[in-house]
Amino acid sequence: MKNDDRFGELEALDSWQLVHDEQDIRGCTVVSVTGTHYGTIEDMLVDKEKEHVAAVRLDDGRIVAADNLEIRGRDVIYHDDLAASRVNYTKVRRPAV
C-alpha cells in the first residue's frame, strides 16, 4: 500500500452519502489475502468530480485506493494487483439539504 499525491483533492465522506448505506466500511479492518493486518479504515475519501469513493484512509494515516479493496461483508481484503475494482461500491451523492 502506498500513499499517493493523486489523493490530495479528495473529500471526506462526511459531506456525502453512500448510495448503499450498508457499504460504509469505516471501522473495518483491512487485511491481505494471506491475513496480514494493514489497519482499520478511519475514513472513506470521495472524488468530488466523479462522485465516487476513490480511497480510504487507515488509522495510521495511510491512504489506499478503493480499487485495491474487495468488500466481503464486514471484511475488507486488500489486493495489490488491482484485481478488485469496486465501481458500483463507490457511488455517492450529496445528501438532501
J.: Is there side-chain contact between Asp47 and Val53, with heavy atoms separated by less than 4.5 Å?
T.: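 No. Closest side-chain heavy atoms not under 4.5 Å.
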J.: Check whether any side-chain heavy atom of Ile63 lies under 4.5 Å from a side-chain heavy atom of Val56, and answer yes or no.
T.: no
J.: I need the minimum non-hydrogen distance between Ala12 and Leu45, along with the two atoms involved.
T.: CA-CD2, 4.1 Å
J.: Kindly indicate whether the side chain of Thr29, heavy atoms from C-beta on, has any atom under 4.5 Å from the side chain of His37.
T.: yes
J.: What's the shortest heavy-atom distance between Gly39 and Asp59, and which atoms?
T.: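 Answer, listing the atom of Gly39 first, then Asp59: CA-OD1, 3.7 Å.
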J.: So if I apply the side chain to side chain contact (heavy atoms under 4.5 Å, CB included) rule between Val30 and each of Val64, Ile77, Thr40, Leu69, which one comes out positive?
T.: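 Passing option: Leu69.
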J.: Only pairs at least two apart or in different chains count here, so list each salt bridge (Lys or Arg N to Asp or Glu O under 4.0 Å) that has a residue in residues 26-42.
T.: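 Output for this query lists Asp14-Arg26, Asp24-Arg26.
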J.: To the closest 0.5 Å, what do you measure between NE2 (His52) and CD (Glu49)?
T.: 11.0 Å
J.: Would you name the heavy atoms of Val76 and Cys28 that are closest together and state the gap between them?
T.: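 That would be CG2-CB, 3.8 Å.
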J.: Please indicate whether Glu22 has more than 12 foreign heavy atoms, meaning atoms of other residues, nucleotides or ligands, lying under 6.0 Å from its CD.
T.: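 More than 12 heavy atoms, drawn from other residues, nucleotides or ligands, come within 6.0 Å of this atom.
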J.: Are Asp75 and Val31 close enough that some pair of their side-chain heavy atoms sits under 4.5 Å apart?
T.: no
J.: Less than 4.5 Å apart, any side-chain heavy atom of Glu70 and any of His79?
T.: yes
J.: Which distance, rounded to the nearest 0.5 Å, do you find between the OH of Tyr78 and the OG1 of Thr34?
T.: 12.0 Å
J.: Can you confirm whether Lys48 sits close enough to Trp16 that some side-chain heavy atom of one is under 4.5 Å from a side-chain heavy atom of the other?
T.: yes
J.: I need the minimum non-hydrogen distance between Met44 and Ile25, along with the two atoms involved.
T.: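 Distance-wise, the nearest heavy atoms are SD-N, 3.6 Å.
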